[in-house]
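Only one structure is covered here, and it is reproduced in the block below.
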Amino acid sequence: MAMENKQTENKADIKEALMNLLHSSSSGGNQFVTFNIATEEYGINIKSVQEITGFRHLTYLPNAPKYVKGILNLRGNIIPVMDPRIKFGMDEITYDKTSVIIIVETSGKNVGIIVDNIKDVLTIDAKNIEETPQVSSRSSRSSRSSNVDSQFIEGIGKVGEKFVIILNISKIFNKEDLAKIA
Amino acid sequence: MTKSASDFQERLKRIFFEEAQDLINNLDQHLIILDRESDQNKIATVIDEIFNIVHSLKASTGSVGFIKLSQFLHSLESFLVDIRKRRIAISQEVVTILFDTSYLVKDGINFVTGTDSDIDDEEYIKVADLMKNIPKETGTGTGTGTSDSRTLLSIVPTPTEIPSSEMPSTEMPSTEMPPLKVQDTEELKKSTTDNNNNKGPKHWQIIMILTSDLLKSGTDPLMYFNEMSEFGELVNVSCNIEAVPSLEKFIFDELYLSWEIILKSNRPLTDIQNIFLFIEDKSEIKINDVSSRYNDTGVEKLLADKRLGDILIERGNINAEDVEIVAKKQERLGEMLVKENVAVKEEVEKAVDDQMASKKHASTTIRVDITKLDELVNLIGELVITSSQLKNLIQKVDSKDLRRALLSKCEESARITSNLQDRVMNARMVPIDTIFSQFYRIVRDISMKQEKNIRLVITGQETELDKNIVEKINNPLKHLVRNCADHGIEKPSVREENGKNREAMVHLKAYHLEGNIFIEVSDDGKGMDKDAIYKKAIELGLIKKDEHIDDDSLYELIFMPGFSTAKEITDISGRGVGMDIVKKAITDLHGEIKIFTQKNKGTRFVIRLPLTLAIIEGLLFRVGKQILALPLISVDEIFKPKKEQINTLEERGEFVNVSGKVCSLIRIHHLLDIEGAITDPLEAKILNVLVNGKKYSLLVDDIIGQQQVVLKSLEQNYEKVNGVSGTTILGNGDVGIIIDPTEVVSMFREKELFVRI
């Protein structure tokens with residue numbers, strides 16, 4: 001129980017730090033919000049992150065692809081929310097208190113993605129980001145990108161001893177790709 | 001060009017476009033008045049207004065560098081000057097030309113701002129020639145009669161024109177009457193220029209667009225200026241630098257500049273033309289006599305919005321001390337006019353009031369981007385939700401007194417919020433006049449073309465509705481009005497035979513009623529031909545032969561695609577855009593249209609529209625755990641079905657018998673794939689909707705109730721979803737889906753078809 005408290009506190013700290021970063025104009029192009037999906041740590045460029053909110057009730061959207069889990073109201077704006085797990089072909093989970101929705105901006109639209117939890121805000125220099133090997137088929141994945149189709153990956157960032165998979169947001173929400181998977 | 005520079009250009013253009021749009025609307029409205037007005041004094045005021053508008057337009061087109069358009073406006077301005085000075089009498093012909101110019105200017109603005117890609121230079125030249133060719137009466141002098149207030153004014157202008165807020169000695173408000181002011185200074189100057197027109201120097205406007213490779217031949221453009229100045233005085237020289245490219249594209253020996261020169265000279269036109277003799281064929285040189293625009297000191301009259309006193313001092317006609325002395329003795333212009341029996345006191349007072357009102361109006365209006373208002377609406381919506389949550393929390397407060405106090409404050413803030421919401425919604429409203437006024441022109445054109453005598457009557461043009469609706473209702477209305485004038489109205493001779501007035505009437509009417517906007521388009525023409533519609537309906541297979549159909553349903557059929565009984569297709573209407581498009585446009589706006597027609601009496605279309613697109617009256621219902629909404633307007637009835645009402649027909653699906661009529665049963669939960677819904681119709685509720693005149697029964701779990709819902713776009717962050725017209729935010733902050741009944745029905749039909757195959 002105590003540990004859980006600490007965890008949520010920690011999460012709140014990160015969130016606050018994050019919001020500060022989001023609001024400061026000086027945040028450079030090499031900062032990444034990192035989070036977990038299953039066992040892997042992923043990162044999104046902080047520039048595209050609009051907001052982070054705890055998981056909440058979503059309204060089911062009829063006739064939408066399966067990975068679109070529903071829509072939510074963010075201060076009067078309607079935001080579609082998707083689950084990258086489904087997109088990446090992983091097993092679905094039931095969302096819990098630590099689940100987080102990251103609102104990102106991609107090609108002029110605001111979209112939410114559900115992740116297991118928020119980890120950190122990391123600065124990763126470009127020289128420490130390794131480009132993904134160009135593999136088109138899903139069977140020959142990059143060893144580090146675990147079960148994620150490499151086309152969604154922008155690169156692998158190295159921070160100390162750990163690796164962060166940097167996601168290409170626009171690819172994930174690209175409609176043409178959606179057709180293939182759906 | 002750098003990005004920011006082009007951004008700036010774009011912004012400038014947009015501002016110009018909006019401004020010009022307003023000016024043109026204003027222009028059209030005045031032209032309409034001009035067309036109908038017969039009172040000479042009122043006409044004079046209207047002409048002044050038109051002149052001012054054209055002048056502002058010219059100024060702003062000039063300032064953003066649209067030289068050609070501003071030249072056209074310039075000739076229009078000169079034309080107006082002639083009208084104003086009564087050198088040209090106002091006739092049907094003149095009004096038509098003015099209407100044409102207004103359309104050309106509109107096109108021109110669309111062209112230069114890039115909203116229109118094609119423009120016909122010929123048209124401009126044609127109209128400009130038309131303006132030139134209107135015969136002018138020679139010289140007005142002072143013989144226009146003493147009843148003309150303008151001539152009288154010119155007799156006593158000096159003391160009345162010096163009022164000034166800058167003169168502390170008088171407590172005179174600076175609100176003199178501008179139309180009068182412009183007139184009398186104008187008149188005064190005219191008397192001097194008119195005399196000069198014959199013998200004195202002339203003012204030539206020289207537009208000099210030299211060939212771009214002039215410099216290559218070693219010619220210095222300065223030489224033309226030198227030659228010109230030998231012939232007289234260069235009153236004004238303005239250089240157009242619009243063609244100068246960015247530095248990387250700049251070619252050093254290319255000439256990018258062009259000039260407009262005002263030359264005051266005694267020399268004849270041929271002399272001036274000779275200056276350009278050698279470059280004439282390669283360059284574009286235009287020389288116009290613009291003497292009427294200038295007074296003898298070279299001050300452009302049009303800009304002479306200065307006070308008369310100042311002008312006179314400038315010209316050296318009087319000196320400042322004299323003015324001061326007179327100014328101390330001066331009275332208000334209005335009072336003077338009354339005293340001199342020139343004007344009736346009431347009229348002057350009214351004019352002053354109007355002037356004040358227009359000044360007040362001008363200073364209190366600002367332009368606001370509609371997205372800013374939308375953001376406000378969003379935030380207010382959030383405020384509403386938060387305060388309802390707050391209210392729930394207050395219930396948990398232990399102290400009874402505190403709870404009561406908090407609740408009352410909560411109520412208060414809710415009231416303010418709803419007030420705020422109304423105001424913001426109101427800010428999005430514009431008067432329907434912006435589209436109504438164009439119909440004068442349309443009806444006028446049709447009357448002339450078809451030799452009909454049609455009077456357009458417009459009432460309720462001040463009725464306000466949502467800007468988005470105004471834009472979208474424009475085309476359907478145009479279609480209806482054209483239909484009325486084209487098909488509905490008979491030729492005068494036919495009307496006479498039928499014992500009607502030769503003059504036909506088309507009536508456009510707008511009004512508010514019970515939270516809706518009603519727009520009526522009616523005519524007193526021949527009415528719809530019931531038999532023709534009946535025949536056509538059978539022909540199209542919409543009804544069976546000998547099938548009985550009541551009149552209302554029969555007339556409804558004209559809204560079906562491909563339905564037209566027009567025997568001949570005119571170039572005005574009947575070109576394939578049918579009434580079905582009109583109906584669809586109105587349905588898309590959550591409105592409806594009804595027809596009332598009577599043979600030989602006329603036809604009336606009544607359109608009902610919501611006040612705004614942002615809020616609709618919705619019916620909330622539940623399917624499974626989902627809360628859905630339908631526009632209330634499409635809901636026909638709600639009931640709990642009885643066993644005998646539900647029928648399943650082999651291979652034809654399920655039906656509900658609603659008072660003798662059989663309606664298809666649509667299982668919403670199937671169609672939208674919603675889990676956990678009630679599947680047994682006897683446990684659920686039936687919600688009947690009307691789509692294209694047919695009833696369909698939707699199966700829903702429960703009805704929640706009627707509520708005003710604020711429409712939210714789903715497309716903004718997502719995409720169009722079939723069967724869904726939008727979303728709304730429910731009282732608890734969750735999102736509710738708004739169902740589009742038309743789409744749901746077509747989805748249902750497709751599915752049904754699929755199953756049957």
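All values derive from a computational prediction rather than experimental measurement.
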remark   = If one checks every heavy atom of B/L671 against chain A at 4.5 Å, the contacting part turns out to be backbone
message = Is B/Q716 in contact with chain A via its backbone, its side chain, both, or neither, using a 4.5 Å heavy-atom distance?
response = both
Pairing residues for A/N77 by the side chain to side chain donor-acceptor pair (under 3.5 Å) criterion, not counting sequence neighbours = B/N378
query = In this structure, which one of B/I668, B/N722, B/I737 forms a side chain to side chain contact (heavy atoms under 4.5 Å, CB included) with A/P62?
reply = B/I737
remark   = On a heavy-atom basis, the closest approach of B/E715 and A/K109 is O-NZ, 3.2 Å
key: For B/V721 against A/N63, the heavy-atom pair lying closest together   = CG1-CB, 4.2 Å
message = Rounded at 0.5 Å granularity, tell me how far CZ in A/R75 sits from CD1 in B/I729.
response = 11.5 Å
ask   = Rounded to the nearest 0.5 Å, how far apart are CG of A/N110 and CG of B/N717?
value = 5.0 Å
query = Are B/T727 and A/T59 close enough that some pair of their side-chain heavy atoms sits under 4.5 Å apart?
reply = no
inquiry  = Just to verify, what does A/Y95 make a ring-ring contact (aromatic ring centres under 6.0 Å, His included) with, not counting sequence neighbours?
reply    = A/F55
message = Determine whether a donor-acceptor pair (N or O, by modelled atom type, separation under 3.5 Å) exists between the side chain of A/Y60 and the backbone of B/D673.
response = yes
request  = Pick one of side chain, backbone, both or neither for A/I71, based on which atoms fall under 4.5 Å of a heavy atom in chain B.
outcome  = both
